[in-house]
Participant: 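Starting off with a structure, shown below.
A note on names: the letters A, B, ... follow the listed sequences, proteins ahead of strands, and every chain is numbered from 1.
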Number of protein chains: 2
Amino acid sequence: MSAIDWLPAAVRAAAIERTLKAGQTLFRRGNRTSGLYEIVEGQVRLVRVNRTGREAVLHVATAGDTMAEASLFSASYHCDAIAATDAVVRLYPKAAILAEFDRNPKAARKFATVLARQVMTLRTRLEQRNIRAARDRVRHYLAINADADGRTVALSGTLKDVASELGLTHEALYRTLADMAADGEIERRRGAIRVLKAAI
Amino acid sequence: MSAIDWLPAAVRAAAIERTLKAGQTLFRRGNRTSGLYEIVEGQVRLVRVNRTGREAVLHVATAGDTMAEASLFSASYHCDAIAATDAVVRLYPKAAILAEFDRNPKAARKFATVLARQVMTLRTRLEQRNIRAARDRVRHYLAINADADGRTVALSGTLKDVASELGLTHEALYRTLADMAADGEIERRRGAIRVLKAAI
DNA sequence: CGGCGTTTTGAGAGAGCTCAACATCGGTGG
DNA sequence: CCACCGATGTTGAGCTCTCTCAAAACGCCG
């Protein structure tokens, strides 16, 4: 679900677009929070920098993602945001959002709904990463993303994208899919996979 | 943050405790949603069952966790919840929560805050899992969980717990820590780790 | 002291990663 | 229409790293 789908029109109207060069800083830890960002294009890295200078990546947000939701409820940012590539971001000012939430409880509830869904999805993806074997991880992915019929899985984006969502190299994914197809467990189609039989 | 810390007293007063035997069902997909659960004791598995009978674990909630936040905004559950062990859960009825949110915007905002923080934490943990090498993953963990001084990391729970949070076997973690200590990168203390020098 | 869970160390195997080469496909421009 | 180009898709071979299984030391608590 993109920000466009759930942010009230009043807030969307207040959005400010900004263009970033690769390596450019969007905000730094300790800065006063300005609001919620949506990535329109490119990638932005959220990074926590240690006093010792060590960096730890907290998240890499890509086109369509929103970022820094928690900053709505905090006075200052707790990490740095740096453009990983040339990027375009859209800022939804905090004041506009919070004002809208106060004025319009439905908007606030919608926001909570989106967050709760995200928590669910993220937990699921984390659970998926606990599965060691590539094949079982793919099965988990197929089971979760199956269509209503429980047999067809539409592939969003390229297989490389799926591989990185699964935490596998693209080679490993290709091989696994090829093996599963050879065993008759799945059938590969254009932009989709059909599950043929349930394995143990 | 435990549910006790952020749920308004009015809601906590309406809580209903329930005891489950291992294997017992708490709710099933399609059931009308009754509310938010907190695990008091034991473990509960959230599972999606395919039409083909295949199971996919979405999440394993353990003592202190809350569960099914998204169900507050949905008419029916989208997965099954089954006790993985003997367990005690606490139900915060949906009606009480939503009524409180309507009556008290501060409570609603608090809820959104908690969810936003969780999203942040989960994204970070997911990012961590993208790191292949055990040593780098441990470094990431240390960097994220460092104290204010940026050098000391207090260990919550046992090293086995940390290992499972990191997605490593406990053996792998012990070995990695031993190697890092031998290299002078860290120093091990009782219930804590001290980072001595930043590695590349 | 005995028992249980955590911590630690050992050895071996397997699975996925890495590097590499090639095929395929869609778009672009001559 | 065809050649070219970049990105995706595919397959091969070797290696490294973590997992697995195993066993023992350690620490805590009754």
Side-chain angles (χ1 to χ4, degrees), chain A residues 41-43 62-63 84-86 125-142 153-194 199-200, chain B residues 41-43 62-63 84-86 125-142 153-194 199-200:
Chain A
E41 213 182 289
Q43 297 191 335
T62 64
T85 63
D86 288 358
R125 288 184 58 183
L126 210 45
E127 195 61 44
Q128 184 175 66
R129 296 298 184 96
N130 287 333
I131 303 171
R132 310 274 177 197
R135 195 156 182 166
D136 288 333
R137 204 180 285 184
V138 170
R139 283 181 185 137
H140 188 271
Y141 175 83
L142 294 175
V153 179
L155 297 177
S156 58
T158 67
L159 281 180
K160 285 184 86 164
D161 296 336
V162 175
S164 91
E165 181 180 333
L166 284 174
L168 295 172
T169 57
H170 59 279
E171 295 100 319
L173 177 60
Y174 291 137
R175 274 187 252 270
T176 305
L177 289 177
D179 289 348
M180 291 173 79
D183 291 352
E185 190 174 340
I186 61 169
E187 194 180 288
R188 307 201 38 194
R189 310 208 164 168
R190 283 185 55 80
I193 289 177
R194 207 172 150 69
I200 307 138
Chain B
E41 215 182 290
Q43 297 192 335
T62 64
T85 63
D86 288 358
R125 289 185 58 182
L126 208 48
E127 196 63 43
Q128 185 176 63
R129 297 299 185 95
N130 287 334
I131 303 171
R132 311 272 177 202
R135 195 158 183 162
D136 289 333
R137 204 179 285 182
V138 171
R139 284 182 183 135
H140 188 271
Y141 175 84
L142 294 175
V153 179
L155 298 177
S156 59
T158 67
L159 282 180
K160 284 183 87 167
D161 296 336
V162 175
S164 92
E165 182 180 332
L166 284 173
L168 295 172
T169 57
H170 59 279
E171 295 100 317
L173 176 60
Y174 291 135
R175 275 186 251 270
T176 305
L177 289 177
D179 290 348
M180 291 173 79
D183 292 351
E185 189 174 340
I186 61 170
E187 194 181 287
R188 307 197 43 191
R189 309 205 166 172
R190 283 185 54 82
I193 289 177
R194 205 173 154 70
I200 306 138

Participant: Would you find more than 12 non-hydrogen atoms of other residues, nucleotides or ligands less than 6.0 Å from B/E165 atom CD?
Facilitator: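 More than 12 heavy atoms, drawn from other residues, nucleotides or ligands, come within 6.0 Å of this atom.
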Participant: Do any N or O atoms of the protein come closer than 3.5 Å to N or O atoms of nucleotides 28-30 of chain D, and which pairs are they?
Facilitator:
none

Participant: OP1 or OP2 of D/dT18 sitting under 4.0 Å from any side-chain N/O of B/T169?
Facilitator: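 No, no such contact exists.
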Participant: Let me know the distance between CG of B/L159 and P of D/dC26, rounded to the nearest Å.
Facilitator: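 Rounding to the nearest Å, CG of B/L159 and P of D/dC26 are 17 Å apart.
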Participant: Indicate the atoms forming the closest heavy-atom contact of B/A134 with B/T176, along with that distance.
Facilitator: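 Where B/A134 meets B/T176 most closely, the heavy atoms are CB-OG1, 3.6 Å.
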Participant: Take the protein atom CG of B/L173 and the nucleotide atom C1' of D/dC19, then report the distance between them rounded to whole Å.
Facilitator: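 So the CG-C1' distance, B/L173 to D/dC19, works out to 14 Å.
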Participant: Between C/dT9, C/dG16, D/dT8, which one does the side chain of B/E171 approach most closely?
Facilitator: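 In terms of side-chain proximity for B/E171, the closest of C/dT9, C/dG16, D/dT8 is C/dT9.
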Participant: When the distance from NZ of B/K160 to C1' of C/dT8 is rounded to whole Å, what number comes out?
Facilitator: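 Answer to the nearest Å: 12 Å.
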Participant: Nearest-nucleotide wise, let me know which of A/H170 and A/A134 is further upstream toward the 5' end of DNA chain C.
Facilitator: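 Per heavy-atom nearest nucleotide, the more 5' residue is A/A134.
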Participant: Under the side chain to side chain contact (heavy atoms under 4.5 Å, CB included) criterion, do B/R188 and B/L159 qualify, and how do the steps go?
Facilitator: CA-CA 12 Å; B/R188 307 197 43 191; B/L159 282 180; 3.1 Å; yes
Participant: Rounding to an integer number of Å, can you tell me how far A/L166 CG sits from C/dA15 P?
Facilitator: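 Answer to the nearest Å: 18 Å.
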Participant: Quiz question: going by heavy-atom distance under 3.5 Å, is there a donor-acceptor pair between the base of C/dG10 and the side chain of B/R175?
Facilitator: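 Side chain to base: pair found, below 3.5 Å.
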Participant: Can A/R139 and A/M180 be said to form a side chain to side chain contact (heavy atoms under 4.5 Å, CB included), step by step?
Facilitator: CA-CA 10 Å; A/R139 283 181 185 137; A/M180 291 173 79; 4.0 Å; yes
Participant: Is the shortest side-chain heavy-atom distance between B/N130 and B/L126 below 4.5 Å?
Facilitator: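 SC-SC contact between B/N130 and B/L126 ruled out.
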Participant: Contact class for A/G157 (heavy atom, under 4.0 Å): base, sugar-phosphate, or nothing?
Facilitator: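 Counting heavy atoms under 4.0 Å across all strands, no contact is made by A/G157.
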Participant: On DNA chain C, does the nearest nucleotide to B/D161 precede the nearest nucleotide to A/T176 from the 5' side, or the other way round? Give the residue.
Facilitator: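 Residue closer to the 5' terminus by nearest nucleotide: B/D161.
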Participant: Would you find more than 12 non-hydrogen atoms of other residues, nucleotides or ligands less than 6.0 Å from A/Q43 atom CD?
Facilitator: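 Yes.
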Participant: Among the nucleotides D/dC19, C/dC17, D/dT18, which one has an atom lying closest to any side-chain atom of A/R132?
Facilitator: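 Nearest nucleotide to the side chain: D/dC19.
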Participant: Compare the minimum distances between each of D/dG9, C/dT8, D/dT18 and the side chain of A/Y174, then state the nucleotide with the smallest one.
Facilitator: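 For A/Y174, the side-chain atoms sit closest to D/dG9.
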Participant: Once you round it to whole Å, what is the distance between P of D/dT10 and CG of A/D179?
Facilitator: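 The distance from CG of A/D179 to P of D/dT10 comes to 13 Å, rounded to the nearest Å.
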Participant: Which one, D/dG9, D/dT11, C/dT7, comes nearest to the side chain of A/A178?
Facilitator: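 Between D/dG9, D/dT11, C/dT7, the one nearest the side chain of A/A178 would be D/dT11.
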Participant: In whole Å, I'd like the distance from the CG atom of A/L168 to the P atom of D/dT10.
Facilitator: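 These atoms are roughly 15 Å apart.
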Participant: Measure the distance from CD1 on A/I131 to P on D/dC19 and round it to the nearest whole Å.
Facilitator: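 Taking atom P of D/dC19 as the reference, CD1 of A/I131 is at 15 Å.
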Participant: With hydrogens left out and only the distance checked, is there a donor-acceptor pair under 3.5 Å joining A/R188's side chain and the base of D/dG9?
Facilitator: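 Checked by distance alone, the answer is no.
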Participant: Just by distance, do the side chain of B/R137 and the backbone of B/G167 share a donor-acceptor pair under 3.5 Å?
Facilitator: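 Between the backbone of B/G167 and the side chain of B/R137 there is a qualifying donor-acceptor contact (under 3.5 Å).
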